[in-house]
Amino acid sequence: MSPEIKPDFLISPEGLRVDGRRPDELRPIELKVGVLKQADGSASIRQGKTYILAAVYGPRELHPRHLTLNDRAYLRVEYRMATFSVPDRKRPAPSRREKEISMVIANALKPALFLEEYPKAVVDVFIQVIQADGGTRCAAINAASLALADAGIPMKSLVPAVAVGKADGQLLVDLGDEEDKYGQGDVPMAILPQTGEITLLQQDGFFTREELIEAMQMGINSCKYLHELQKDALKRVYVRNPEDGEDDFDDDLEADLGESEIMEDE
Ligand code: UDP
């Protein structure tokens, strides 16, 4: 990876960002569901150069037992960065930052889940940051909620998440790494789109009250867009596309109907 150089400006005189985006434009996003064979549910996300895998195991028996919750499943989230995911090698031992982000992600996901349906069990969510280029906690939530849906965990909603920040006095959605490092602050947030409930809201840096309200509105709009991308990613795996074999589908249906008619005749 080339050494990092502080850019001369984060917003060009034309009002564009270092990577050419408009202030309210997300990075290119690619979501995939069911990417890991061994997991009960899995998903990947590429958000710009940020690349993350999420794997869900469970509901399953909880060890160690003293963590057991009698009225619901325990949602255990482990967010980890690969040693090679950042420009300076990351030390392999779990850092305080990783532990805090794991907790923040669990808290953002919990309100979307019917954990009470699995008392005493555990649902494990493993998140691996393969490449970090800003916005990893939000990208992780986007992927983890898809992986939970893929695992068949009963959910009220998917959980889209995005960070809104500020650079050169301008509010920006979905911060890249340079904007995160050299900007004036960021507000990562996650929502439940159906209810409008906000399940993650953090703030780093200084925002006026008006800026914060506008940042949240920009974040909510971006989350609604991300929610559509999440639903599309699920549909690609779980909903049969009539254009990919409509005839086969009709044939199967006819075969089934034919069989039932034969059984009735008998
Ligand atoms: N980062 C890094 N080394 C680390 C931790 C983070 O280079 O040990 C970078 C990484 O690109 C990350 C960014 O700093 O995305 C911002 O980190 P932050 O803690 O704000 O979390 P994020 O924005 O990824 O949710």
Side-chain angles (χ1 to χ4, degrees), residues 10 17 19 21 23-29 31 43 45-52 54 75 77-81 85-86 95-112 125 127-148 157-167 170-193 195-209 211-227 229-230:
L10 292 172
R17 300 159 67 172
D19 57 3
R21 281 186 288 155
D24 62 350
E25 195 177 338
L26 293 155
R27 291 175 285 181
I29 294 168
L31 293 163
I45 181 165
R46 280 183 196 278
Q47 191 153 348
K49 291 181 193 142
T50 289
Y51 181 38
I52 296 176
L75 182 70
V77 175
E78 189 182 287
Y79 161 103
R80 299 293 303 276
M81 280 181 138
S85 65
V86 284
S95 63
R96 282 183 62 181
R97 174 181 171 275
E98 285 169 306
K99 286 182 196 159
E100 189 210 311
I101 293 182
S102 300
M103 183 197 73
V104 160
I105 293 173
N107 288 343
L109 294 169
K110 265 183 230 164
V125 181
I127 294 163
Q128 269 292 332
V129 179
I130 309 294
Q131 187 161 272
D133 195 47
T136 59
R137 76 194 64 199
C138 292
I141 292 168
N142 289 324
S145 73
L146 275 178
L148 285 159
S157 166
L158 290 163
V159 189
V162 77
V164 184
K166 188 167 68 162
Q170 168 79 55
L171 293 176
L172 308 168
V173 301
D174 187 20
L175 297 186
D177 201 32
E178 288 172 320
E179 293 169 334
D180 194 18
K181 284 198 176 115
Y182 306 118
Q184 294 150 295
D186 72 318
V187 179
M189 58 187 293
I191 66 167
L192 303 189
T195 58
E197 202 176 328
I198 293 173
T199 64
L200 165 72
L201 186 63
Q202 295 184 289
Q203 184 187 327
D204 184 17
F206 178 79
F207 290 78
T208 64
R209 182 185 149 83
E211 280 173 341
L212 192 58
I213 291 168
E214 195 186 334
M216 285 174 68
Q217 195 50 59
M218 287 168 83
I220 289 167
N221 292 342
S222 297
C223 282
K224 285 182 180 163
Y225 173 71
L226 278 157
H227 186 224
L229 298 185
Q230 287 177 313

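All figures in this text were calculated on a predicted structure; none of them were measured in a lab.
- Here CD of Gln170 is found 9.0 Å from CZ of Arg17. Values are rounded to the nearest 0.5 Å.
- Heavy atoms only, all atoms of each residue included: Leu158 and Ser145 are closest at CD2-O, 3.6 Å.
- Across Ser157 and Ala112, no two heavy atoms sit closer than the pair O-CB, 3.4 Å.
- Under the salt bridge (charged side-chain N to carboxylate O under 4.0 Å, His left out) criterion, Arg21 pairs with Asp19, Asp174, Glu179, not counting sequence neighbours.
- Gln230 contributes a side-chain N or O that, together with a main-chain N or O of Asn142, makes up a donor-acceptor pair within less than 3.5 Å.
- Qualifying side-chain hydrogen bond (donor to acceptor under 3.5 Å, both in side chains) partners for Ser95, counting only residues two or more places apart in sequence or in other chains: Glu98.
- Taking Asn221 as the reference, Gln217 meet the side-chain contact (heavy atoms from CB on, under 4.5 Å) condition, with sequence neighbours excluded.
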| message | Walk me through whether His227 and Ile191 qualify under side chain to side chain contact (heavy atoms under 4.5 Å, CB included). | response | CA-CA 10 Å; His227 186 224; Ile191 66 167; over 6 Å; no
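- Nearest heavy atom pair, residue Leu75 against residue Ala106, reads CD2-O, 3.8 Å.
- A search for side-chain hydrogen bond (donor to acceptor under 3.5 Å, both in side chains) contacts involving Glu214 returns nothing, not counting sequence neighbours.
- Among residues two or more places apart in sequence or in another chain, the side-chain hydrogen bond (donor to acceptor under 3.5 Å, both in side chains) test is passed with Glu197 by none.
- How far CD1 of Ile127 is from CD1 of Ile101: 10.0 Å, rounded to the nearest 0.5 Å.
- One finds the CG atom of Asp204 at 10.0 Å from the CG atom of Leu175 (value rounded to the nearest 0.5 Å).
- Among residues two or more places apart in sequence or in another chain, the side-chain contact (heavy atoms from CB on, under 4.5 Å) test is passed with Ile213 by Arg209.
- In terms of heavy atoms, Ala108 sits closest to Thr199 at O-OG1, 2.9 Å.
- By the salt bridge (charged side-chain N to carboxylate O under 4.0 Å, His left out) test, Asp24 pairs with Arg22, sequence neighbours left out.
- Not a single side-chain hydrogen bond (donor to acceptor under 3.5 Å, both in side chains) links Ser102 to another residue, sequence neighbours left out.
- Of the inter-residue distances, the one linking Tyr79 atom OH with Ile105 atom CD1 reads 6.5 Å to the nearest 0.5 angstrom.
- For the pair Leu201 and Met189, the tightest heavy-atom approach, listed with the atom from each and the gap, is CD1-CB, 4.1 Å.
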| Pair Leu192-Val159, side chain to side chain contact (heavy atoms under 4.5 Å, CB included): steps then yes or no | CA-CA 6 Å; Leu192 303 189; Val159 189; 3.8 Å; yes
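- Between Pro23 and Met218, the shortest heavy-atom contact is O-CE, 4.2 Å.
- With rounding to the nearest 0.5 angstrom, the CD1 atom of Ile141 is 11.5 Å from the CG atom of Leu148.
- With sequence neighbours excluded, the residues forming a side-chain contact (heavy atoms from CB on, under 4.5 Å) with Gln202 are Glu100, Val104, Arg137, Pro188, Leu200, listed by chain and number.
- Every salt bridge (charged side-chain N to carboxylate O under 4.0 Å, His left out) that Glu211 has, sequence neighbours left out, goes to Lys166.
- Under the side-chain contact (heavy atoms from CB on, under 4.5 Å) criterion, Asp133 pairs with Arg27, Lys49, Thr50, Asp177, not counting sequence neighbours.
- Note: Leu31 CG to Leu226 CG = 7.5 Å, rounded to the nearest 0.5 Å.
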